[in-house]
Amino acid sequence: MKKTILIGGVAGQGSAVTSRLIGKIFCRLGCFVFNYRDYPSLIRGGHNFNILEVSDRPVYSQSEKYDIIIALDQKTIDLHQMNLKDDGFVLASSRLRAERMKAIDTKPILEELEGPQYLENDILIGWMFKYFGVDKEFLFEQIREAFGQNSEKIEKAIEKGYLLAEEKEKLEKKEGNYFISGNDGISIGAINAGLDVYLAYPMTPATAVLHYLAKKEKEYNIEVSQLENEIAVVNAALGASFAGARAMVGTSGGGFALMTEAISLSGISELPLVVYLSQRMGPATGVPTYNSQGDLKFAVNAGHGEFPKIVVAPGDSQEAISRTEEAFYLTAKYRTPVILIGDKHLGESDYTFKELKSSSVSKDRFLSKNLPENYKTYEITDSGVSPAAAPGQGPVVRATSYEHDEYGYTIEDAETTVAMNKKRMKKAEQIEREVSRLKPTAVYGDGKNLIIGWGSTKGAIMDALPELDGFRFLQISYITPFPRDIVKKEMEKSDQVILIENSVTGLLGDIITEQTGLSVSKKVLKYDGRPFTADYIIRELKK
Amino acid sequence: MKKTILIGGVAGQGSAVTSRLIGKIFCRLGCFVFNYRDYPSLIRGGHNFNILEVSDRPVYSQSEKYDIIIALDQKTIDLHQMNLKDDGFVLASSRLRAERMKAIDTKPILEELEGPQYLENDILIGWMFKYFGVDKEFLFEQIREAFGQNSEKIEKAIEKGYLLAEEKEKLEKKEGNYFISGNDGISIGAINAGLDVYLAYPMTPATAVLHYLAKKEKEYNIEVSQLENEIAVVNAALGASFAGARAMVGTSGGGFALMTEAISLSGISELPLVVYLSQRMGPATGVPTYNSQGDLKFAVNAGHGEFPKIVVAPGDSQEAISRTEEAFYLTAKYRTPVILIGDKHLGESDYTFKELKSSSVSKDRFLSKNLPENYKTYEITDSGVSPAAAPGQGPVVRATSYEHDEYGYTIEDAETTVAMNKKRMKKAEQIEREVSRLKPTAVYGDGKNLIIGWGSTKGAIMDALPELDGFRFLQISYITPFPRDIVKKEMEKSDQVILIENSVTGLLGDIITEQTGLSVSKKVLKYDGRPFTADYIIRELKK
Amino acid sequence: MEAKDFATKQEITWCPGCPNIGINQQVREVLAELVNEGKIKAKDIAVSAGIGCHAKNYDYLNVNAFYGLHGRTLPVALGIKMANPELTVIGIGGDGDTYAEGIGHFVQNCRHNANITMLVHDNQNFALTTGQSTPTSEKGFKGFSTPLGEEESPMNPMSVALASGATFVARTFALDMAHLKETIKKAIEHKGFSFVEVLMPCLIFHNNMAYLRKNVYKAEGNDTGDFKKAMELALEWDYSYEKDQKIPIGLFYQIKKATFEDQWAHLGKPCYLIDRRVNWSKLSEEFK
Amino acid sequence: MEAKDFATKQEITWCPGCPNIGINQQVREVLAELVNEGKIKAKDIAVSAGIGCHAKNYDYLNVNAFYGLHGRTLPVALGIKMANPELTVIGIGGDGDTYAEGIGHFVQNCRHNANITMLVHDNQNFALTTGQSTPTSEKGFKGFSTPLGEEESPMNPMSVALASGATFVARTFALDMAHLKETIKKAIEHKGFSFVEVLMPCLIFHNNMAYLRKNVYKAEGNDTGDFKKAMELALEWDYSYEKDQKIPIGLFYQIKKATFEDQWAHLGKPCYLIDRRVNWSKLSEEFK
Ligand SMILES: Cc1ncc(C[n+]2csc(CCOP(=O)(O)OP(=O)(O)O)c2C)c(N)n1
Ligand SMILES: Cc1ncc(C[n+]2csc(CCOP(=O)(O)OP(=O)(O)O)c2C)c(N)n1
Ligand code: SF4
Ligand code: SF4
Ligand SMILES: [Mg+2]
Ligand SMILES: [Mg+2]
């Protein structure tokens, strides 16, 4: 079974909420669902839509042709019905007009229920699940769980819809799956890693992490604050980190730019920091609710001066969880900034997994005990890593933006400057070794041609792969330190090497050449703000 | 003739002023002088020194061994006398102690003159110029010109010193030369390019540009303002640029980081902007009065999202002048940000030239006349460059951080997003062509081994080159767009390729590989905050 | 000219009934009036907008306009004024824009006193990013970043503007069209930095319409030259909603003072009209 | 403990006679006293310093300390307090640091009201960068960036702090050791955000010593609970030097108010002592 369902309406009609509900129900039935979200930057009006990809096998991206369009307004029909499959249809209230349509006379039902307009969505949901042969009681259970107290009218609306439909398919209920967005993955990854302090200033598409964690503030006893701007956010995070907290900040490109000075500070002061950069289409304000991977080189090179940095790019929600845990682990152990780079597509899409796994990396704070009185914050050790301490433990602890001696006192002489740069750069070697054990890359499939991608393009590439004879896929998850040897080896044993990236210029291609001297043979780029589809990739690669 | 003179004292004793004065006098005599300045980050106390390299042939860097040490305090002697040449000596007041010393009993003179302590410097100056056989009257002329009203006592002090010395050499007065720092070069280049507005927030080592231009505010009718912080500075500069002004901002790494969001804005809004980034030793506050080239990749990749950018690196004060003029030309014509990247060593060292040349690039504002009523700020043209206009000219003019249509109205659709990205990227092609005509590289010497450098390392490399058999020097002045073909060709026809850079990791090496796929064979790096000397380079290359 | 001449054909993407629509209308009315009265020229109007619902005005005003970065409305406005003192410069910001991200520029521009007008559309939340708390959100406000309720007390932009040295400090109410218009007009006519706080409900995330309608009153007969009196007016309402409090609107304070532009009278005219051919040998001679 | 126990062995790089030296001395005196009185613990003191001459205190105080970025003293201080409410957090900033680069954080931290103390070493110039004008530099000040004389009027940090909601607002004078000490001590003891403006001459770039010595007087008997009275004191001196004006020093304002930390009482103890083993299946169950 594989179905593509588009749900659309004006902002405020609830296409996002409705699609998530439908997706979740399918997941509970044991289906695999991918939920893509598309909306402009406005609060009411405009055109929002979601595409739900539903399948009995794992699926990670949305398709271009739809089996069902659930239209909450006429615009949805006008914009999308041309993409209906031959046997597809529009499901909508009879107040709307479409070519191939299951029209439901929702008006009398709404009148009967004396309900708000949004109950129309539920009528359509009811209709659709009957169509798929889903058990009514099961449906009601889900609704009750989702809406609690407020579920009564919704149930009724669903029932009305249900009764109007005929069963066309018979979905067997299997064991339920997990349904989770990239941003939620980041959030629970952070909590599981032992997050103490999350600071942010709202910025699409990172904001959902702030919203999620703010909800969990009391339950998990974490400090979640929105400060006056991104500069306050990142400097307060470093203050917290100095005082012994596991601190994380989240933002998108513009806010990230404002944080770059402090990323450099994290480097020299050796204070742990996790920065979640959720990319959107730039430059500047750009197309703020649409997707891009165009900040990669900015992130990799963020901050003035030279210091070790880690840049890790999860490819789906499960990876969002584990890579976030790794980020906290690495920053705590090596005391240098980690940038967790995602994007709108990863962050705001929902993915399905049979189980959600947490990473096995240590959750230790890496704070030393039994500190000597004569404690040196920046002690020079073989590994470059100094034993860490928090103020309050006993001895004086220092952190500084200036070059410094082992105690953290300001210095300006040549020798100490060199020694401290060497010390910090030694950590880069350790990190490289450590990261090589964290599966920095993955290879899927086994063709002689190589597709290279990173981050959210994983989904569409994975879904395209079965259709692409002769292609395998190298996913690069750690951009810094770059898994040079693996990438080089993979490239050298391939005929063609194709970079797939949501960008104008193909930024990973530059990094690959910088790091390996090798060039990709072809770039498949997309910079219209919309993510790839498997179909698009297949078309491009079969050209 | 080639002499190296070190002048040192505590901050406030005037080693910087004195060395500049001495340097200028030598220049006026027709000598070539290079003046290196070394000082810690404090206002009074500590140890400041300058190294003056004086020669009858062009010279661009300081040496490691001194002929004369003019010591204003004991520390200067203690720290530096070990670097005296065999026939070198310390010139100082007899209150100080050194091994080989011309001790002057300055106390009675100062008492006689009832002068402030700093007249001691002038006594020593007088002594030294007599030693070099410089005409007394000529000397007095210089002093009068430099100090005007206040010169009387200074003249007397100089005379006293003069009378105590014996002539050892006989410097012939030839036609005078120009003596100018990199920062002053940037400043007059900007004025000559038609600067309207210079905005900055003080930050070493860029501050001298602010100081110079503030002094010239009325004379050249330019607006020079220091605003509340770098973010205000760069956004106000873009406001001014929008309103038709030629605007420039100046800062160092930390302030530059804060400006990166607006650099992205300059890219998408297509508003001209020149950003002077004067690097110092980082990360963060780092070693704020010392040198580094460690921001290169941050500058090249500055700003989120993708847009054309120009990064140009002058190698001495003359280049500072002409590259600044080019920066204004390119940003006005192609309406995308230009980063003029220098560093402490370039900015605060004084260089000598027989003449100062201004660039021949157009000084046009590139504003259209006869604008249609239906003017489109972002008209899509073959070149990607839209006819520019300023508000007030007549039609409505727009600038925006959002993706937009030709009029500048906000859009979010896929097609226009692609079209506008293409439009902007087309400019990158034009810029590449244009820059290839601006001598983006220069090759000096003709050995089979290639030294590659950029920015302020030019000086030491040029001075080392005559001693380096078999080496030639490729100076890369435009980093973006990168002169790919030239660099590749030069590298391919060389045996060894050596990168020389004031950095920990050799950043230009990464860019070279990224852009050409080729690697340098060796990196000579220095990251102690101190610039290269010719001696250092020679030692490293003869290893 | 008429207000409609200052409208564009762009589709309005504010929520139906959003008070931004009325503000936009009144800004256009005022501009038309000022042009008709010969006080300003249409071609010489320049708007600087932040990022947020408020800033969509950029698309709906047919004047020279700069849609800058979030929080940077004021530096952009100042820069525009520097480069062309002949322009009538109007900043349009939100409370998030002006009091959170850009609060530093706000304080310093009150002091700079350039002849610009700053309209802050204060809906006490970040609306465009779906309703988080801003510095003016009241204690207890439940936005998505404060689901348990905001715990801090709101700032009072009126008193901060006064303390920061603004020479024109006014408050108006987005649902009182006449007052809105009159206030905006006075602000543009003021020579110096004019700050106008526009109280506006956000229908979706912060609907204080009933409270405002009930409690807003027009301050009249107040001595606008008296700082202390102005401060008292400013402190009458503390931006909270726990109980009914009177909310004065009107001109709180206005004084005459040298403007930022007075500093650089040497510039005189729009930069782009200045011919800057420089005598190179004279310029470089200093270094000889 | 004695003041000298809070000194380090680092070489002092302030100018001979710089008032920073006296401030450093008094901070150490106060810390010793507070420790001896059992009010704070030496190991639990944490300083956040900006960048500038003032900030060199980082090197000269033997306590936990963070030498952050220019202008970011307050966010760092706030972050430290968030992570460990048991720490006695003291911010040390300059006028450039706090009123120029970091002015936004200043306004918002006055409102946040975390229990931290902010000492601003106001020498009315950027000293460490060789004497440029800051927001508190007086009109006519000739710094290197204003060789023709500053043309703007200075801001008044006292009134801005009051208007921004600070719960402890005081001014002291770097050359009056007893007053300095008393004020700093009160500030640290205050529960909430304590702002102390320290007037100090800069011997090199802004030597107002004579003027300050002549005009500074101790405000006494003022009602520190009365906002209006505090505002009047704040406005007595406008930071200019054109004519003699009385300059009040002392505690202008102090009120009790819930602190920022009260918001997150759930944290309770220093983060680094919290054991955060999370039940993964419970956490992930929500998505099932
Ligand atoms: C640097 C930066 N940070 C965050 C954002 C995201 N952002 C866009 S609008 C907005 C809030 C707008 O709030 P306000 O200024 O009050 O405007 P309103 O929508 O309420 O009118 C934010 C935080 C951004 N665009 N840039
Ligand atoms: C982002 C940034 N901008 C500029 C600077 C340069 N800078 C260092 S200290 C300083 C001024 C310090 O002035 P103030 O805070 O008043 O301290 P003072 O030296 O007067 O005590 C400046 C501008 C910097 N370090 N970082
Ligand atoms: S969200 Fe609020 S401010 Fe924004 S358009 Fe809607 S009603 Fe207006
Ligand atoms: S420059 Fe001024 S503030 Fe800095 S140390 Fe010297 S006297 Fe003190
Ligand atoms: Mg708002
Ligand atoms: Mg200062």
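Lettering of chains follows the sequences in order, A, B, ..., and the numbering in each one begins at 1. Note that this is a predicted model, so its numbers are computed, not measured. Side-chain atoms are counted along with the backbone in the values below, which use heavy atoms only and exclude waters and symmetry mates.
D:Gln10 touches chain A through its side chain: at least one heavy atom from C-beta onward sits under 4.5 Å away, while N, CA, C and O do not. Contacts of D:Phe260 with chain A are made by side-chain atoms alone, with heavy-atom separations under 4.5 Å and no backbone atom involved. Both the backbone and the side chain of A:Ala262 come within contact range of chain D, judged by heavy atoms closer than 4.5 Å. Neither the backbone nor the side chain of D:Leu74 comes within contact range of chain A; no heavy atom of the residue lies under 4.5 Å from a heavy atom of that chain. Proximity to chain A is absent for every atom of D:Ser48, based on heavy atoms less than 4.5 angstrom apart. With a 4.5 angstrom heavy-atom cutoff, D:Ile274 touches chain A via backbone and side-chain atoms both. D:Asp275 does not touch chain A: none of its heavy atoms, backbone or side chain, sits under 4.5 Å away. Heavy atoms of A:Asn229 lying under 4.5 Å from chain D belong exclusively to its side chain.
D:Arg72 places no side-chain N or O within 3.5 Å of a backbone atom of A:Val234 that could act as its donor or acceptor partner. A donor-acceptor pair under 3.5 Å is absent between the side-chain atoms of D:Asn84 and the main chain of A:Ala243, judged by distance alone. Side chain of D:Lys43 to backbone of A:Gly392: a donor-acceptor contact under 3.5 angstrom is found.
A:Gln142 is linked by a side-chain hydrogen bond (donor to acceptor under 3.5 Å, both in side chains) to A:Arg28, counting only residues two or more places apart in sequence or in another chain.
Between the OH atom in D:Tyr67 and the OG atom in A:Ser269 there is a gap of 14.0 Å [rounded to 0.5 Å]. Considering CZ of A:Phe242 and CZ of D:Phe66, their distance stands at 7.5 Å, rounded to 0.5 Å. Within the model, atoms CD1 of A:Ile321 and CH2 of D:Trp280 stand 4.0 Å from one another, a figure rounded to the nearest 0.5 Å.
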Margin query: Between D:Asn109 and A:Glu228, does the side chain to side chain contact (heavy atoms under 4.5 Å, CB included) criterion hold? Intermediate values first, please.
Written below: CA-CA 9 Å; D:Asn109 275 282; A:Glu228 58 270 22; 3.9 Å; yes

Notebook entry, point to check: Taking it one step at a time, do A:Asp184 and D:Glu286 satisfy side chain to side chain contact (heavy atoms under 4.5 Å, CB included)?
Noted result: CA-CA 10 Å; A:Asp184 287 344; D:Glu286 174 180 350; 6.0 Å; no

Margin query: With side chain to side chain contact (heavy atoms under 4.5 Å, CB included) as the criterion, how do D:Asp59 and A:Tyr402 come out once you've worked through the C-alpha distance, each side chain's angles and the decisive distance to 0.1 Å?
Written below: CA-CA 11 Å; D:Asp59 282 313; A:Tyr402 273 96; over 6 Å; no

Next item on the list: Go through the steps for A:Ile191 and D:Arg276 under the test side chain to side chain contact (heavy atoms under 4.5 Å, CB included), then give the verdict.
Entry: CA-CA 9 Å; A:Ile191 294 176; D:Arg276 292 197 175 277; over 6 Å; no

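Annotation for D:Gly68 and A:Ser401: closest pair O-OG, 2.8 Å, computed over non-hydrogen atoms. The two atoms that bring A:Val197 and D:Cys271 nearest to each other are CG2-SG, 4.4 Å, heavy atoms only. Across A:Pro391 and D:Asn64, no two heavy atoms sit closer than the pair CB-CG, 3.3 Å.
For the pair A:Arg365 and D:Tyr272, the cation-pi criterion (under 6.0 Å, within 45° of the ring axis) is not fulfilled.
For residues 209-227 of chain A, a heavy-atom distance under 4.5 Å to chain D picks out A:Tyr212, A:Lys216, A:Glu217, A:Lys218, A:Glu219, A:Tyr220, A:Asn221, A:Ile222, A:Glu223, A:Ser225, A:Leu227, given by residue number.
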